[in-house]
Novice: 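The structure follows.
Numbers here are sequence positions counted from 1.
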Amino acid sequence: MPFLGILASLQLIDPSVANNALVKAGQSLAMQGPTLALAASISTLAQAATVLLMGFLGDRLERRQVLMGALLLAIAGDGIALAAPHAGLFLLGRALAGIAVGGVLVLSFAAVGAVSRADQLGKALGVWHLWTIAGFIAGSLLGGLLANSSWRLGLGLVPLLALLCLALLPLLVPPMPADTKLRPDWPGLISIAAAMVLFLSGVCHAIQGLSSPQFLVPSLSGVVLFGVHLLIERHRQEPIFPVALYRRGCFAAAIVSGIAGNVAWAVVQLQTSNFWQLVQHFSTAQVAMAQLPLLVSSAVAAVPAGWLMRPGRRTTQLMAGGILVLVLGLLWFAAIRADSAYSALVMPMVLVGSGLAFMIVPQATLFVQEAPPGSLGPVTAFRTTTGQFGFALGFAASAAMVNGFGAANLHQQVLKLGGTTVWSSELEAKVRAALGSGRLSHATGLPAQAIQLMSDTYASGLAGTMLVAALLVGLLGAISLLLLVIGHRQEGVEQGTRA
């Protein structure tokens with residue numbers, strides 16, 4: 001289990017290191033504007049398009065062999081990117097790396113279900129999650145140090161780790177049987193891949209506003225295409241996995257709780273990072289260290305969550321406790337101010353991380369338990385798909401809300417200034433533009449009082465966003481608990497019918 005967790009951590013380490021290296025890589029390879037934006041998102045888009053296919057291949061072929069192939073692809077992908085003499089090869093390498101590390105994640109997760117006893121699954125997933133986060137912490141910190149000295153050196157970390165894992169894989173992971181009778185559902189795979197790529201590409205433009213065509217057109221197209229995907233799958237004799245699975249309460253609860261958890265994760269991780277960098281002027285390294293309470297609490301709490309896991313009511317109780325603690329953490333964050341001391345934010349980070357762990361372990365267990373025979377790979381890979389959807393939703397909504405709440409508060413703050421300073425409509429327009437860009441560094445040349453006002457309005461926007469996030473996560477959590485109750489009743493009826 002520890003080794004499978006380390007394998008899964010590559011999917012978190014790779015984008016973290018790439019983001020640290022991107023600024024210097026962009027300067028070195030003359031990437032600007034749309035090209036630089038594509039370089040930042042291409043690995044995520046490639047991953048979203050292929051995770052279900054990788055899950056299917058794990059079932060259709062021998063899973064350990066597919067894992068080895070994914071590790072080789074990671075070595076090749078980031079190897080191409082770090083050696084790239086121009087932007088084109090860099091983009092190709094990052095796309096291949098995204099496919100590879102996404103495959104490693106879903107294959108290692110499915111392997112947990114394949115090599116664990118049913119009565120030990122919760123414990124196994126708790127340990128798996130612990131080592132996933134522990135590997136991410138160590139790898140991202142090391143990758144950040146390497147990327148600060150050389151972006152090419154930073155991108156070499158994941159290939160090196162993949163090479164070490166490749167050598168250990170045959171020794172630590174047993175062979176898993178392949179189901180050679182399975183056939184690929186190409187219409188289903190292509191339609192859901194296109195839906196996810198469209199939705200995520202729209203989210204990349206969320207900072208321009210939730211009403212902007214750049215956000216609305218691809219995002220709504222992705223949602224519509226997902227509906228088309230469901231229509232296609234209803235009439236397929238061999239779908240990716242049975243559409244009837246969506247009508248099972250426990251599976252639906254796993255999806256909804258996964259979206260809720262990833263919304264919360266995105267809001268807290270991304271917006272605290274922005275707050276510390278833009279308002280309190282932390283360095284990138286300081287932000288990485290500042291978020292350790294969030295990561296460590298999530299990793300550590302997963303172990304008792306796994307030990308406490310039991311089928312049925314215990315799952316509902318654990319998830320309910322996790323949702324409650326998570327919502328309390330988000331509400332605590334809603335008290336944030338521009339001058340909030342770091343120590344004041346440690347406890348809400350611990351609450352959010354612990355609450356997420358007590359949600360994630362039951363949710364992951366549900367995906368494995370609900371997978372019908374022959375569909376373990378695609379069903380467990382769908383957990384990654386729903387996670388990407390939730391994370392993207394949290395990213396888009398929080399970016400827009402911080403800007404919206406902050407801009408609304410700006411006018412009130414300007415009125416409070418009264419005649420104490422010279423404040424023109426032109427100056428207010430510049431402040432709004434810098435605030436809307438999500439980069440307070442764009443405020444270069446503005447008076448000190450204007451910059452302070454921007455910091456206050458940004459913090460106010462963040463506080464409002466955390467409050468809305470708490471309400472949204474609480475609502476989604478309540479829905480997931482209701483679905484769990486329905487699912488347990490369905491299981492009781494099925495057991496009675498079999499008896």
Side-chain angles (χ1 to χ4, degrees), residues 2-22 25 39-58 61-84 88-112 128 131-144 146-147 150-173 193 377 380-381 384-385 387-388:
F3 179 69
L4 289 174
I6 294 296
L7 280 175
S9 71
L10 295 179
Q11 190 265 345
L12 299 174
I13 296 170
D14 182 72
S16 174
V17 173
N19 287 339
N20 285 332
L22 190 58
S41 61
I42 193 169
S43 64
T44 301
L45 297 177
Q47 184 180 132
T50 55
V51 285
L52 287 179
L53 176 61
M54 297 298 283
F56 167 79
L57 291 176
L61 308 174
E62 204 279 308
R63 186 169 282 108
R64 190 174 69 172
Q65 298 298 322
V66 182
L67 254 173
M68 295 177 71
L71 289 171
L72 286 171
L73 185 61
I75 295 170
D78 273 331
I80 291 171
L82 70 88
L89 276 180
F90 181 87
L91 294 174
L92 173 63
R94 290 301 302 144
L96 293 176
I99 295 170
V101 295
V104 170
L105 172 65
V106 300
L107 292 164
S108 68
F109 177 50
V112 175
W128 179 79
W131 284 93
T132 299
I133 300 299
F136 168 59
I137 293 171
S140 61
L141 291 176
L142 178 58
L146 293 173
S150 167
W151 69 267
R152 296 184 190 272
L153 190 61
L155 286 182
L157 177 62
V158 168
L160 177 61
L161 294 175
L163 186 61
L164 293 173
C165 291
L166 191 61
L168 294 172
L169 186 63
L171 304 175
L172 298 177
V173 179
T380 51
T384 301
T385 300
Q388 288 177 315

Novice: Roughly how far apart are Ile80 CD1 and Leu89 CG, rounded to 0.5 Å?
Specialist: 7.0 Å
Novice: Which heavy atom of Ile13 sits nearest to which heavy atom of Gly139, and what is that distance?
Specialist: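 Taking Ile13 first and Gly139 second, the nearest heavy atoms are CD1-CA, 3.8 Å.
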Novice: If the condition is side-chain contact (heavy atoms from CB on, under 4.5 Å), which residues does Leu22 pass it with, not counting sequence neighbours?
Specialist: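 For Leu22, the residues satisfying side-chain contact (heavy atoms from CB on, under 4.5 Å) (neighbours in sequence not counted) are Met31, Leu36, Ala39, Ala40, Phe90.
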Novice: Within this structure, what is the CG-CG distance for the pair Leu52 and Leu57, rounded to the nearest 0.5 Å?
Specialist: 11.0 Å
Novice: Could you state the interatomic distance from CZ (Phe136) to CG (Leu141), rounded to the nearest 0.5 Å?
Specialist: 8.5 Å
Novice: Say you draw a straight line from OG1 of Thr132 to CG of Leu7; how long is it, rounded to the nearest 0.5 Å?
Specialist: 9.0 Å
Novice: Look only at the side chain of Asn19 and the backbone of Pro15, and say whether a donor-acceptor pair between them is shorter than 3.5 Å.
Specialist: yes
Novice: Distance-only check: which donor-acceptor pairs under 3.5 Å involve side-chain atoms of residues 100-110, not counting sequence neighbours?
Specialist:
residue	atom	partner	partner atom	Å
Ser108	OG	Val104	O	3.0
Ser108	OG	Leu105	O	2.9

Novice: Among residues two or more places apart or on two chains, list those pairs meeting side-chain hydrogen bond (donor to acceptor under 3.5 Å, both in side chains) that have a residue in residues 153-171.
Specialist: none
Novice: Donor-acceptor pair, distance only, cut-off 3.5 Å: does the side chain of Arg152 make one with the backbone of Ala84?
Specialist: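 Yes; judged by distance alone, with no hydrogens or angles, the pair exists.
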Novice: Show the atom names and distances, to 0.1 Å, of all donor-acceptor pairs under 3.5 Å that link a side chain in residues 156-171 to residues at least two apart or in another chain.
Specialist:
none

Novice: Specify the closest pair of heavy atoms between Leu96 and Gly77, including all atoms of both residues, with the distance to one decimal.
Specialist: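 It is CB-CA, 3.8 Å.
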Novice: Partners of Ile42 by side-chain contact (heavy atoms from CB on, under 4.5 Å), sequence neighbours excluded?
Specialist: Leu38, Leu91, Arg94, Ala95
Novice: Which value, rounded to the nearest 0.5 Å, describes the distance between Met68 atom CE and Leu73 atom CG?
Specialist: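 Interatomic distance, Met68 CE to Leu73 CG, rounded to 0.5 Å: 14.0 Å.
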Novice: Tell me every residue that passes side-chain contact (heavy atoms from CB on, under 4.5 Å) with Thr50, counting only those two or more places apart in sequence or in another chain.
Specialist: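 Expected list: Ile99.
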Novice: To check you understand the geometry: which heavy-atom pair defines the closest contact between Ala48 and Val51, and what is its length?
Specialist: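 Minimum heavy-atom contact is O-CG2, 4.0 Å.
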Novice: Taking only residues two or more places apart in sequence or in another chain, which ones pass side-chain contact (heavy atoms from CB on, under 4.5 Å) with Glu62?
Specialist: Arg64, Gln65, Pro175, Met176
Novice: Taking all heavy atoms of Ala70 and all of Met54, pick out the closest pair and write down the distance.
Specialist: CB-CE, 4.1 Å
Novice: Are the side chain of Ser16 and the backbone N or O of Leu12 linked by a donor-acceptor pair below 3.5 Å?
Specialist: no
